[in-house]
Amino acid sequence: MKIRRGKKERANMEIGREFGHCVCRSETSLTQRERDGSSLFLSVGTFWRLERGMGVKRFAVLLCAQDSEYMKSRYGGYYGVFKGMLGEEGEVWDVYRVPAGELPDDGEIGLYDGFVITGSCNDAHGDDDWICELITLLKKLDSMKKKVLGICFGHQILGRALGGKVGRAESWDIGLTTIQLSPSSEHFSSLKLPAQLSVIQCHRDELMELPEKAELMAWSDKTGIEMFRYGDHMMGIQGHPEYTPDILLHLIDRLVLRDLITESYADDLKANMGAWEPDREAWERLCISFLKGGFLRSIL
């Protein structure tokens, strides 16, 4: 796997006051990560291992989208959105900008408790270098039984990496969608979730065939595979549990600017949004339970 990272500079040891543990951070990584609001970058070595020994949980966002200035200023980028939804006090969250060639190397992978793959304007069935490198990484994470949560593009690329088929849907799916949760998935009832959940969607590709041994967890009238699990360590969600109506409105404008949708279609979408209320609290509980609580294990 070809992994492009910043130059290794000498590391300065300091006390991480916010989390109460020793950290060893690279001078090169520090400027970028403090500027975008992400956690301190810890080099692989004694102090990172010390942090792990103290029971600090660490997660990584595999960022596959390009942050607009609006998203960065209002939400801290998509990294900030996911950390805000899934992060808890005392945890460390890092971000890797995958299209720019940033991926955790072999020495870093084992230090993470879980990974989240974001959405993207790129096609999950494409063969860009960074997409192929991401697929290689996901196969490695599967072999290590690492927790991986894929959202939208992340859902599709995760399915592809595991042997499923991804392709272009008949049309865009943008808006609020009601999905049907599988009644055979016992963990939904353990979380006291209703039979249906609403979620914001924004995609034109989809996972068309499940990987072998994967379980279909949810579907909708428009998309046959809205959610799947693979073993107890990998789960994909086609919709955007992390989105608010404001984020979707901004994304619709960006899609128009990129000539991915027409202005008339965008106007229709905005006119029909009304007082949308996706089930964000339920999705948050579900995602956190999967990523941190192992709620899938009870049914295997």
Side-chain angles (χ1 to χ4, degrees), residues 61-82 95-102 116-135 150-161 164-179 198-209 219-227 236-274 276 278:
V61 174
L62 302 179
L63 181 63
C64 301
Q66 285 188 321
D67 284 326
S68 67
E69 289 304 316
Y70 177 81
M71 286 298 299
K72 286 190 283 189
S73 63
R74 176 150 189 177
Y75 297 100
Y78 286 107
Y79 160 83
V81 173
F82 278 103
V95 59
Y96 292 86
R97 292 166 181 79
V98 184
E102 296 180 5
V116 179
I117 321 168
T118 73
S120 175
C121 284
N122 291 77
D123 298 327
H125 48 83
D127 290 316
D128 305 63
D129 287 346
W130 69 268
I131 290 178
C132 294
E133 291 167 7
L134 176 58
I135 289 173
I151 303 297
C152 196
F153 169 89
H155 158 89
Q156 298 160 12
I157 202 69
L158 182 59
R160 177 182 172 185
K165 180 181 177 182
V166 179
R168 185 77 81 209
E170 293 182 3
S171 62
W172 279 94
D173 186 4
I174 303 176
L176 192 67
T177 298
T178 298
I179 71 168
S198 61
V199 65
I200 292 177
Q201 303 268 12
C202 187
H203 67 99
R204 62 172 175 173
D205 295 335
E206 63 180 274
L207 182 59
M208 296 181 163
E209 293 181 11
W219 58 88
S220 69
D221 291 340
K222 192 163 187 177
T223 303
I225 304 173
E226 288 281 5
M227 187 174 174
I237 300 172
Q238 177 57 72
H240 285 277
E242 80 282 12
Y243 273 15
T244 63
D246 175 68
I247 292 175
L248 182 60
L249 280 171
H250 173 67
L251 183 55
I252 289 172
D253 290 337
R254 292 185 71 191
L255 293 175
V256 172
L257 290 174
R258 293 187 177 203
D259 292 323
L260 293 174
I261 62 174
T262 64
E263 287 192 24
S264 60
Y265 180 41
D267 291 339
D268 289 341
L269 289 170
K270 293 176 182 179
N272 292 326
M273 284 184 66
W276 280 1

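The figures that follow rest on heavy atoms only: side chains count, while hydrogens, waters and symmetry mates do not.
- The distance from the CG atom of L158 to the CG atom of L207 is 9.0 Å, given to the nearest 0.5 Å.
- I135 has its side chain within reach of I157: a pair of non-hydrogen atoms, C-beta onward, lies under 4.5 Å apart.
- In terms of the side-chain contact (heavy atoms from CB on, under 4.5 Å) criterion, D221 has no residue partners (sequence neighbours excluded).
- Between D268 atom CG and I261 atom CD1 the span is 10.0 Å, to the nearest 0.5 Å.
- Q66 meets the side chain to side chain donor-acceptor pair (under 3.5 Å) test with R258; sequence neighbours excluded.
- By the side chain to side chain donor-acceptor pair (under 3.5 Å) test, D123 pairs with R168, sequence neighbours left out.
- Contact check for Q238 versus C152: side-chain heavy atoms found under the 4.5 Å cut-off.
- Heavy-atom minimum distance, P99 versus C64: CG-O, 3.6 Å.
- Side-chain contact between L249 and M273: present, with at least one pair of heavy atoms (C-beta onward) separated by less than 4.5 Å.
- The nearest pair of heavy atoms linking P245 to I200 is N-CD1, 3.8 Å.
- Every residue meeting the ring pair (Phe, Tyr, Trp, His ring centres under 6.0 Å) condition with F153, not counting sequence neighbours, appears here in chain and number order: W130.
- Annotation for C121 and L255: closest pair SG-CD2, 4.5 Å, computed over non-hydrogen atoms.
- The closest side-chain heavy-atom distance from K165 to H125 is not below 4.5 Å.
- No side-chain heavy atom of T118 sits under 4.5 Å from any side-chain heavy atom of V98.
- A donor-acceptor pair under 3.5 Å is formed between the side chain of E102 and the backbone N or O of R97.
- Inter-residue side-chain proximity for Q201 and E226 is flagged as met; some heavy-atom pair is nearer than 4.5 Å.
- For the pair M208 and A169, the tightest heavy-atom approach, listed with the atom from each and the gap, is CE-N, 4.2 Å.
- For Y265, there are no ring pair (Phe, Tyr, Trp, His ring centres under 6.0 Å) partners at least two apart in sequence or on another chain.
- With rounding to the nearest 0.5 Å, the separation of CZ in R160 from SG in C132 is 6.0 Å.
- With a 4.5 Å cut-off on side-chain heavy atoms, I225 and H155 count as touching.
- When all heavy atoms of G239 and I151 are compared, the closest pair comes out as O-CG2, 3.3 Å.
- The backbone N or O of T223 sits less than 3.5 Å from a side-chain atom of S220, completing a donor-acceptor pair.
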### Message
M71 vs V81, test: side chain to side chain contact (heavy atoms under 4.5 Å, CB included). Steps then yes/no.
### Response
CA-CA 9 Å; M71 286 298 299; V81 173; 3.9 Å; yes
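- Side-chain atoms of H203 come within 3.5 Å of backbone N or O of D205 as a donor-acceptor pair.
- In this structure, a donor-acceptor pair under 3.5 Å is present between the side chains of Y75 and D246.
- Not counting sequence neighbours, F82 has no partner by the ring pair (Phe, Tyr, Trp, His ring centres under 6.0 Å) test.
- To the nearest 0.5 angstrom, I237 atom CD1 is 11.5 Å from I117 atom CD1.
- Here the straight-line distance linking atom CD1 of I179 with atom CH2 of W219 works out to 9.5 Å at 0.5 Å rounding.
- Atom CG in L251 sits 7.5 Å away from atom CD1 in I174 (nearest 0.5 Å).
- What you find for H240 and G119 is that their closest heavy atoms are CE1-CA, 4.4 Å.
- More than 12 heavy-atom neighbours from other residues, nucleotides or ligands sit within 6.0 angstrom of NZ on K270.
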